[in-house]
Amino acid sequence: MCKRFRVVKKNIPVTAYQTTKHVDIKTLEGIMHANPGDWILTGPKGERWPVRKDIFELTYRIID
């Protein structure tokens with residue numbers, strides 16, 4: 001069995017906006033759907049992904 005570690009995700013700032021309409025987003029994993037109120041994030045390498053509003057509120061903090 002492999003040794004398990006507790007880890008914390010690195011603090012890497014990303015940009016985000018909250019969508020007001022249904023959007024299909026091309027991500028690294030394929031096409032993902034975002035609903036109104038979901039957040040669309042863009043990472044440091046230009047990668048994009050949607051995050052449900054409730055998940056965003058639990059895991060992200062707006063810094064500016």
Side-chain angles (χ1 to χ4, degrees):
M1 181 174 198
C2 295
K3 183 174 180 177
R4 296 183 185 257
F5 298 91
R6 289 185 56 174
V7 300
V8 176
K9 189 181 259 190
K10 292 180 181 181
N11 291 326
I12 300 171
V14 298
T15 59
Y17 71 91
Q18 197 169 20
T19 186
T20 59
K21 59 184 179 178
H22 294 279
V23 181
D24 288 325
I25 308 236
K26 184 178 179 185
T27 72
L28 297 174
E29 290 80 26
I31 302 296
M32 295 183 74
H33 183 75
N35 294 308
D38 290 349
W39 288 82
I40 310 300
L41 281 65
T42 304
K45 295 180 182 176
E47 67 280 20
R48 296 176 65 213
W49 67 97
V51 177
R52 282 190 352 230
K53 181 182 177 188
D54 59 329
I55 301 298
F56 182 88
E57 291 170 352
L58 286 172
T59 57
Y60 291 89
R61 177 175 50 92
I62 296 173
I63 58 175
D64 56 37

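Note: hydrogens, waters and symmetry copies are ignored here, and every other heavy atom, side chains too, is used.
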Looking at Glu29 and Thr27, would you say the former's side chain and the latter's main chain have a donor-acceptor pair under 3.5 Å? no
When rounded to the nearest 0.5 Å, the distance separating CD1 of Ile25 from CD1 of Ile31 is 9.0 Å
Result block: side-chain N/O donor-acceptor pairs under 3.5 angstrom for residues 55-64, not counting sequence neighbours:
| from | atom 1 | to | atom 2 | distance (Å) |
| --- | --- | --- | --- | --- |
| Thr59 | OG1 | Ile55 | O | 2.7 |

Heavy-atom closest pair, residues Gly37 and Lys53: O-CB, 3.3 Å
Below 4.5 Å, heavy atoms only, C-beta onward: do [X] and [Y] meet side chain to side chain?
X	Y	value
Gln18	Asp38	no
Ile12	Pro44	yes
Pro36	Thr19	no
Val14	Trp49	yes

Count the heavy atoms belonging to other residues, nucleotides or ligands that lie under 6.0 Å from CG of Asp54, then report whether that count exceeds 12. yes
For His22 and Asn35, run side chain to side chain contact (heavy atoms under 4.5 Å, CB included): C-alpha distance rounded to whole Å, both residues' side-chain angles, the deciding distance at 0.1 Å, then the answer. CA-CA 5 Å; His22 294 279; Asn35 294 308; 3.1 Å; yes
